[in-house]
Structure formats: C-alpha cells, structure tokens
Protein chains: 2
Amino acid sequence: MIDLQAIERVFEVGEEQVHALHRVSLRFAAGAYASIMGPSGSGKSTLLNIIGLLDRPTEGRYRLDQVATTELDDTEQARIRRHQIGFVFQSFHLVPRLTAAQNIELPLVLAAVAPAERKQRVAAALQDMDLADRADHRPDQLSGGQRQRVAIARATIMRPQVILADEPTGNLDHSSGSSVLETLETLNRQGISLIVVTHDPEIGQRARRRIRMVDGSIAEDSESA
Amino acid sequence: MIDLQAIERVFEVGEEQVHALHRVSLRFAAGAYASIMGPSGSGKSTLLNIIGLLDRPTEGRYRLDQVATTELDDTEQARIRRHQIGFVFQSFHLVPRLTAAQNIELPLVLAAVAPAERKQRVAAALQDMDLADRADHRPDQLSGGQRQRVAIARATIMRPQVILADEPTGNLDHSSGSSVLETLETLNRQGISLIVVTHDPEIGQRARRRIRMVDGSIAEDSESA
Ligand SMILES: Nc1ncnc2c1ncn2[C@@H]1O[C@H](COP(=O)(O)OP(=O)(O)OP(=O)(O)O)[C@@H](O)[C@H]1O
Ligand SMILES: Nc1ncnc2c1ncn2[C@@H]1O[C@H](COP(=O)(O)OP(=O)(O)OP(=O)(O)O)[C@@H](O)[C@H]1O
Ligand SMILES: [Mg+2]
Ligand SMILES: [Mg+2]
C-alpha cells in the first residue's frame, strides 16, 4: 500500500543544508494502523508530508498502491492526493472565510457529491466530532480544539484509503482526544490505513505498530522488532 | 496584580449568543504560578485573552496592577499589553516574513533596545529554547514544535510582569515540554506572574495553583480549596 524506499529529504536554507529525513525505508499494508513518535524536529511532519504527496523526497522512491508516485508530475500527484488521502495538518489549514460546516463539506463539493448527500454526511461528521452547535462558526470563532476537530472531520469525510494525522489531539483534552481517536480507529477497522504522528505516548500506544524517529531516521519500529 | 470581577464574555454569531465566560472572578498576586485546565471549548483561551488585554469582557471589571483596564481605550490597553504582558498564543502568530531570530527580537526592536543588547539577548533566548541552529529559518522552515518555542522565546524576551501561555507544550515531546516549562518557571521564581493554559495534567500539576474551567465558569480552584 505505502512503500517508501531509501527516502532522503534535504531542505536548503541559504547556504545551509538540513537533512530532515535520512535513509527512511518503510512499508505499510492496506489497513495498517501505525503511530510515529519522536522529539520535536525529528522529521515526523516531513515524513507524513511525503507520504501524503504534499512534498517530494530529494532521493528515494515512494510507491502508493503500486503507483510510482515519485515519477508523477504535480497535477497527477494532486489528483491522487485528493482522492486517496485524508490529511490532518499540525496547523489545521482551515479556510478562514468558510464556516466549520463549509470547511468540512469542501472535499465533497470538489468531488461533485450531490447537495443532499453532502448535507447529510456533514451533519453526521459534525455530530461525531461534537461540533453540531458550532457548524456556522468560522475558524476565528472557534476554540483551538474545535478547529482541530474541524480539520479531522474534513480529512475523513471522503473515506479516503489513507488517513494521515499530524498531532490530531495536540489541542484536545483527554476526553475529546480519545473520542477523536475512536473515530479514526473506527475508520481503520473498516479498512482505511491510519498513520498518526503524536507526542502523546497514550495516543501512540494505541497503534498496532509503533515507529520512533530521531534526527531524521527511523530509530525504532515495533513491527520489525 | 490581576483582579477579575464578575467577568462575562458573550460572542455573537449571527442570531446566536455564545456565553464563553460566565461569572468569572479571580485574583492573582504578583509572582503567582497558576494553571488553567478544562475541556476543549470551556473558555480557557477567552479568559487568557481578556487577562492579556487582547479582548474585552462584555461585563465585569479587570484591574491589572491597580489599573482599571476595562476603562482604558484601545491605545492605552495596547501600551500596557506591550510593556507588561508576554503572551504565548495557542496558534503562535509568528511573522511569516521574519526569521526565528527576528521574530524573537521584534519586541526588543519595538521597545528601542540597542542593537548590541538585542543581539545578545536573542542569542541567549535561542540557546535556552534549543533553537540556535534554526535562528535563520522562517516559520515555514520550522517544525511545529520549533515554531512553538519561537513563540515562547518572543513572549519572554522582554521580561514582562506577566506571562500568559496558551498550551505552550501542545506541539512538544515530553522532554522539550519540560525544558520549556523550566524556563517559564525560572522566570516565575524571579517574580514574574505565570498563568499556563494546558490540556496536559502533568504540566498542569506543576503549578502552585490549579484552576479548572467547565462551560465558561470556574469549576475548581485549588487556592480556594
Ligand atoms: N521547509 C523547510 N526548510 C528548512 N528546514 C525545514 C523545513 N521544514 C522542516 N525543516 C526542518 O526539518 C526538521 C524536521 O521538521 P519536521 O517538521 O518534520 O519535524 P517534526 O518531527 O514534525 O517536529 P515537531 O514535533 O516539532 O512537529 C526540523 O529541524 C525543521 O527545522
Ligand atoms: N470569536 C468568537 N466568536 C464566537 N464564538 C467564539 C469565539 N471565540 C471563541 N468562541 C467560542 O467560545 C467558546 C470558548 O472558546 P475558547 O477558545 O476560550 O475555548 P478553550 O477552552 O480555549 O478551548 P480549547 O481547549 O479547544 O483551546 C468555544 O465554544 C468557542 O466556540
Ligand atoms: Mg511536526
Ligand atoms: Mg484554547
């Protein structure tokens, strides 16, 4: 399903080179449930961005569902990303002018889903994320944790094949965080691959496979242990 | 030092009224160290914004260091805010065009501190936050936790009388989170009032006074217990 081979990611800042990912090789089967943990700056978001086709590796190859994505151009990558991947961003990236409901609805609109069905699916997602009474609030009228839940609902509304969640509970209290994880785990039980980046060991331990990064490399991987 | 009396904060969204804060009365002495915890949406950021003079209550009074702030106009409030308060935002609010070092330096520039002294203080702050090797990165070239540490360094560089930190460790691993708290606690021991909003009970327990909010009201306050 997800097959990363010898991935390198180097960023250039002026004269400096930052080796954000080094020799990363990982494979995930369809329906996998993995967590990625590690210190701040260890490369977790960079890795997730590459898996999510939001960034390209400097070296190495990435196959998604048998497709050699590294050989596709940006338009083709964007198409795959839109249809197959749901991404929960560490900084949410909600559309400021749209309400919570409209933000969640956006992928359905872009996929030309019929209005009646969109309405019903958005209502279900709002209910599931405990946001029904905040449907008409714009992001600046929401709390940090409410924005996070909007981002999660938007990433999952299309039932993508792969859900990538970057710190999905960072702004949530224990109870909202568990609730959100349960929603993601329910989707995983239905066959959706789930990769969660987290700093919270309680969240990380819930995954069947636990990966730890240090300084851009994979330091531990419970699957190969 | 901080004296809130019968604070109400109502937001209006279309026809709807959101009672984000209800009957909040709290007093903090100079040098206090308090944590505020509670469910997502319970009013923690709203309360912190009012204390930080970033927002005004709908009703009630707020005295900061004997000054009846609620009676000041926006310019006067902004002046007090700039000189007396350091605010770490839940969503960081860094200046995108400036580097980490320049973001941290900004309050010193605005306060007309001499260049040589600015340079030295920024270098110390970068060192303290483990960001020395990221000084020239702009926010989009930093990890989530690195941005968070820049926000903390910027909020503390002026040695304000009051530091208000909204989820300062939400994007940090355990070890960086502790390190950041130690920096804030060192400032508190020097006499600076410190109020930390957090979802992490380990962080919340470190405070001498622990406040819990539910649905816009103070549900528990260990100081009055
Ligand atoms: N666009 C960029 N340009 C330069 N350096 C970058 C860029 N993006 C990330 N970096 C650097 O690459 C390293 C890895 O960043 P990444 O965001 O993947 O870390 P992370 O593990 O997600 O950290 P956190 O837990 O703080 O979110 C960091 O040291 C960061 O400064
Ligand atoms: N500008 C606004 N307009 C309308 N409602 C708002 C506005 N800002 C906040 N709210 C609402 O007020 C309530 C309190 O928000 P606040 O941001 O203070 O919560 P919080 O305790 O910080 O939550 P979190 O832990 O998720 O960050 C929330 O239900 C939120 O939807
Ligand atoms: Mg990250
Ligand atoms: Mg908040």
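Sequence lines set the chain letters: A, B, ... in the order given, protein chains first and strands last, and positions in each chain run from 1.
When all heavy atoms of Asp136(B) and Val13(A) are compared, the pair lying nearest together is O-CG1, 4.0 Å. Nearest heavy atoms, Asn171(B) versus His199(A): O-NE2, 3.0 Å.
At a 4.5 Å heavy-atom cutoff, Asp200(A) makes no contact with chain B through either its backbone or its side chain. Of the atoms belonging to Asp133(B), it is backbone heavy atoms, and not side-chain ones, that fall under 4.5 Å from chain A. Both the backbone and the side chain of Gln146(A) come within less than 4.5 Å of a heavy atom of chain B. Contact annotation for Arg138(A): neither backbone nor side-chain heavy atoms come within less than 4.5 Å of a heavy atom of chain B.
Taking OG of Ser40(A) as the start and CG of Leu142(B) as the end, the distance is 9.5 Å to the nearest 0.5 Å. Atom OG of residue Ser42(A) and atom CG of residue Asp173(B) lie 7.5 Å apart, to the nearest 0.5 angstrom.
Taking non-hydrogen atoms and a 4.5 Å limit, the residue list of residues 178-186 of chain A in contact with chain B is empty.
Within a 6.0 Å radius of CD in Gln127(B), other residues, nucleotides and ligands contribute 12 heavy atoms or fewer. Applying the 6.0 Å contact sphere to CZ of Arg82(B) captures no more than 12 heavy atoms from other residues, nucleotides or ligands. Heavy-atom contacts from other residues, nucleotides or ligands closer than 6.0 Å to CG of Asp130(B) number 12 or fewer. Summarising the local packing, CG of Asp128(A) is surrounded by more than 12 heavy atoms from other residues, nucleotides or ligands at distances under 6.0 Å. By the 6.0 Å contact criterion, CZ on Arg23(B) is open, its count of non-hydrogen atoms from other residues, nucleotides or ligands being 12 or less.
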Give the intermediate values and the outcome of side chain to side chain contact (heavy atoms under 4.5 Å, CB included) for residues His137(B) and Val18(A).
CA-CA 11 Å; His137(B) 286 229; Val18(A) 178; 3.6 Å; yes
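Considering only heavy-atom pairs separated by less than 4.5 Å from chain B, the leading option among Gly41(A), Ser176(A), Ser175(A), Ser91(A) is Gly41(A). Between chain A and the options Glu16(B), Gln148(B), Arg147(B), His174(B), the largest number of non-hydrogen pairs under 4.5 Å is found for Glu16(B). Interface remark: of the candidates Gly38(B), Ser143(B), Gly177(B), Ser143(B) forms the most heavy-atom pairs closer than 4.5 Å to chain A.
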